[in-house]
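Report on the structure given below.
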Amino acid sequence: MSCDFIALANAGVQALQPYQPGKPIEELERELGLKDVVKLASNENPLGASEMAVEACRKAAEGMYLYPDSSGFELKNKLSERLKVSPKQITLGNGSNDVLDLIARVFLEPGKSAVFSQHAFVVYPIAVQACGARAIVTPAKNWGHDLDLMAAAIEDDTKVVFIANPNNPTGTWLKKAELEAFLAKVPEHVIVVLDEAYVEYVDEPDYPNGLDYLAGYPNVIVTRTFSKAYGLAGLRVGYAISSPEICDLLNRVRAPFNVSTQALAAAVAVLDDAEYLRKSREVNAAGLKQLAAGFDRLGLEWIPSVGNFIAFRTSKDGVSVNAAQVYQGLLHKGVIVRPVGVYAMPDFLRVSVGLESENARFLDVLPNVLDAL
Ligand SMILES: *Cc1c(COP(=O)(O)O)cnc(C)c1O
């Protein structure tokens with residue numbers, strides 16, 4: 001009688017589970033009647049928005065009856081100057097998530113495969129699966145990517161390798177020498193995506209800047225975002241940098257108006273807000289130290305991170321406890337963090353770096369929650 005719409009969906013989509021976002025503050029306040037909720041769940045910038053971005057966004061709002069500039073002329077030009085690449089190498093996205101989807105749509109389909117690591121960013125499996133392609137997942141090494149295994153996992157039908165550097169949710173990063181050895185091994189006809197969503201936070205001397213490899217490896221695509229260090233998560237703007245040929249392919253499937261007028265204006269403005277970026281980095285570096293010290297004090301295992309978040313093991317007297325219970329306990333204390341069960345890390349939680357007072361509040365309630373279990 002009624003149609004089986006699931007059977008009607010593309011094979012890849014039938015097996016998909018939707019992305020689970022961090023819980024919104026308003027939702028928790030509504031559900032538990034709480035006030036003063038702290039959200040450390042989505043790697044958002046705790047500083048609030050850049051005033052220069054807000055001002056530009058307000059001005060741009062008056063143009064909301066017009067379609068945005070599909071070419072993103074001004075933003076691409078500005079990025080091109082900053083990054084020393086041609087505007088022809090830049091593809092703008094509705095967040096870098098959009099760009100990752102475009103890459104999957106251009107290069108993947110049934111009968112093709114993509115390689116990524118265990119515990120890697122969850123958008124990769126979703127994007128790959130949605131295209132009906134096969135995922136080849138390699139075991140992690142010290143919670144990070146094992147590039148030797150990833151290179152060895154490439155098969156004849158492999159078209160894309162996704163690498164998050166640093167990785168979310170583990171915060172692990174790859175060093176120059178490792179990445180260079182990997183790139184030298186990958187066949188030229190396999191696209192290597194270097195997802196650098198947190199690049200602005202990284203201060204390690206041997207951290208590789210993906211842009212340095214574009215000239216030598218035309219199969220590399222670097223993706224970046226304004227959502228994290230630039231504080232524009234709600235506006236949705238990210239980009240890819242690649243060869244002009246790959247950029248042209250991505251633009252063939254890109255929705256023509258995928259980045260809004262306000263997002264374009266705010267992104268252009270925030271690139272000039274050097275003080276905002278400086279403060280983002282400073283607050284994050286201090287927060288990472290504060291959280292790490294707090295975990296040490298509580299005797300909790302944590303994964304060293306160069307992102308704006310840390311994953312820690314939920315345990316009591318050294319014995320792992322189910323992270324879902326700790327997550328719930330924290331919610332009842334008004335602190336939202338992120339469960340990472342979907343990343344095959346059932347006894348870990350990921351906490352985003354907040355302001356000093358927010359980190360302190362989290363560290364303050366965490367032992368109470370653990371004690372109550
Ligand atoms: C947050 C994140 C992104 C993308 O976020 P957008 O808001 O879509 O730009 C991409 N990759 C990783 C690893 C991330 O953590």
Side-chain angles (χ1 to χ4, degrees), residues 18-22 24 39-46 49 53 72 75 79 90-105 114 116-128 130 140 143-145 160-174 179 192-202 207 210 221-241 250 254-255 258-260 262-264 266-267 270-271 280 284 288 303 305-311 337-340 342-343 345 348 350-353:
Y19 178 86
Q20 294 286 337
K39 184 183 177 201
L40 302 173
S42 299
N43 300 346
E44 291 150 336
N45 197 314
L75 178 55
L79 284 170
I90 302 172
T91 309
L92 298 180
N94 192 264
S96 58
N97 195 145
D98 185 25
V99 172
L100 295 169
D101 268 331
L102 298 181
I103 294 167
R105 273 169 63 204
F116 52 85
S117 173
Q118 182 189 23
H119 314 311
F121 188 40
V122 72
V123 164
Y124 312 151
I126 295 174
V128 171
W143 300 107
H145 297 34
V160 184
V161 179
F162 290 98
I163 292 175
N165 195 29
N167 183 44
N168 170 16
T170 58
T172 49
W173 74 100
L174 294 160
L179 183 65
V192 177
V193 179
L194 299 175
D195 178 347
E196 297 184 340
Y198 302 94
V199 62
E200 295 86 2
Y201 291 114
V202 186
Y207 172 78
I221 306 178
V222 177
T223 64
R224 295 188 177 176
T225 181
F226 285 92
S227 297
K228 312 281 165 54
Y230 286 106
L232 301 182
L235 284 176
R236 313 305 304 129
V237 49
Y239 55 98
I241 312 116
L250 298 177
R254 184 178 66 87
N258 61 336
V259 186
S260 75
Q262 289 91 324
L264 289 169
V270 82
L271 282 174
S280 295
N284 192 64
L288 282 173
I303 304 173
S305 167
V306 293
N308 65 349
F309 53 88
I310 304 188
V337 296
R338 190 63 161 273
V340 283
V342 60
Y343 291 93
M345 298 168 70
F348 276 81
R350 188 194 71 191
V351 58
S352 304
V353 174

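Remember, predicted model here, so these are calculated numbers, not experimental data. Every number for a ligand or one of its atoms is a count from 1 in the order of the listing.
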Distance alone, cut at 3.5 Å: any donor-acceptor contact between the side chains of Y198 and N43? yes

Give every pair made of an N or O atom of ligand 1 and a protein N or O atom lying under 3.5 Å apart, one pair per line with both atom names and the distance to 0.1 Å, or write 'none'.
{"from": "ligand 1", "atom 1": "7 (O)", "to": "S227", "atom 2": "OG", "distance (Å)": "2.5"}
{"from": "ligand 1", "atom 1": "7 (O)", "to": "R236", "atom 2": "NH1", "distance (Å)": "2.8"}
{"from": "ligand 1", "atom 1": "7 (O)", "to": "R236", "atom 2": "NH2", "distance (Å)": "3.2"}
{"from": "ligand 1", "atom 1": "8 (O)", "to": "S96", "atom 2": "N", "distance (Å)": "3.2"}
{"from": "ligand 1", "atom 1": "8 (O)", "to": "N97", "atom 2": "N", "distance (Å)": "3.0"}
{"from": "ligand 1", "atom 1": "8 (O)", "to": "R236", "atom 2": "NH2", "distance (Å)": "2.7"}
{"from": "ligand 1", "atom 1": "9 (O)", "to": "S96", "atom 2": "N", "distance (Å)": "2.7"}
{"from": "ligand 1", "atom 1": "9 (O)", "to": "S96", "atom 2": "OG", "distance (Å)": "2.9"}
{"from": "ligand 1", "atom 1": "9 (O)", "to": "T225", "atom 2": "OG1", "distance (Å)": "2.5"}
{"from": "ligand 1", "atom 1": "9 (O)", "to": "S227", "atom 2": "OG", "distance (Å)": "3.4"}
{"from": "ligand 1", "atom 1": "11 (N)", "to": "D195", "atom 2": "OD1", "distance (Å)": "3.1"}
{"from": "ligand 1", "atom 1": "11 (N)", "to": "D195", "atom 2": "OD2", "distance (Å)": "2.6"}
{"from": "ligand 1", "atom 1": "15 (O)", "to": "N168", "atom 2": "ND2", "distance (Å)": "2.7"}
{"from": "ligand 1", "atom 1": "15 (O)", "to": "Y198", "atom 2": "OH", "distance (Å)": "2.5"}
{"from": "ligand 1", "atom 1": "15 (O)", "to": "K228", "atom 2": "NZ", "distance (Å)": "3.2"}

Report the residues that fulfil ring pair (Phe, Tyr, Trp, His ring centres under 6.0 Å) with Y124, sequence neighbours left out, ordered by chain and then residue number. F121, F162

How long is the straight-line distance from NE2 of H119 back to CE of M345, given to the nearest 0.5 Å? 6.0 Å

Any cation-pi pair here, R224 with Y239, using under 6.0 Å and within 45°? no

Minimum heavy-atom distance between V99 and A240, given as atom pair plus value: CG1-CB, 3.3 Å

Criterion side chain to side chain donor-acceptor pair (under 3.5 Å) on N97 and R236, from CA distance to verdict: CA-CA 9 Å; N97 195 145; R236 313 305 304 129; 5.2 Å; no

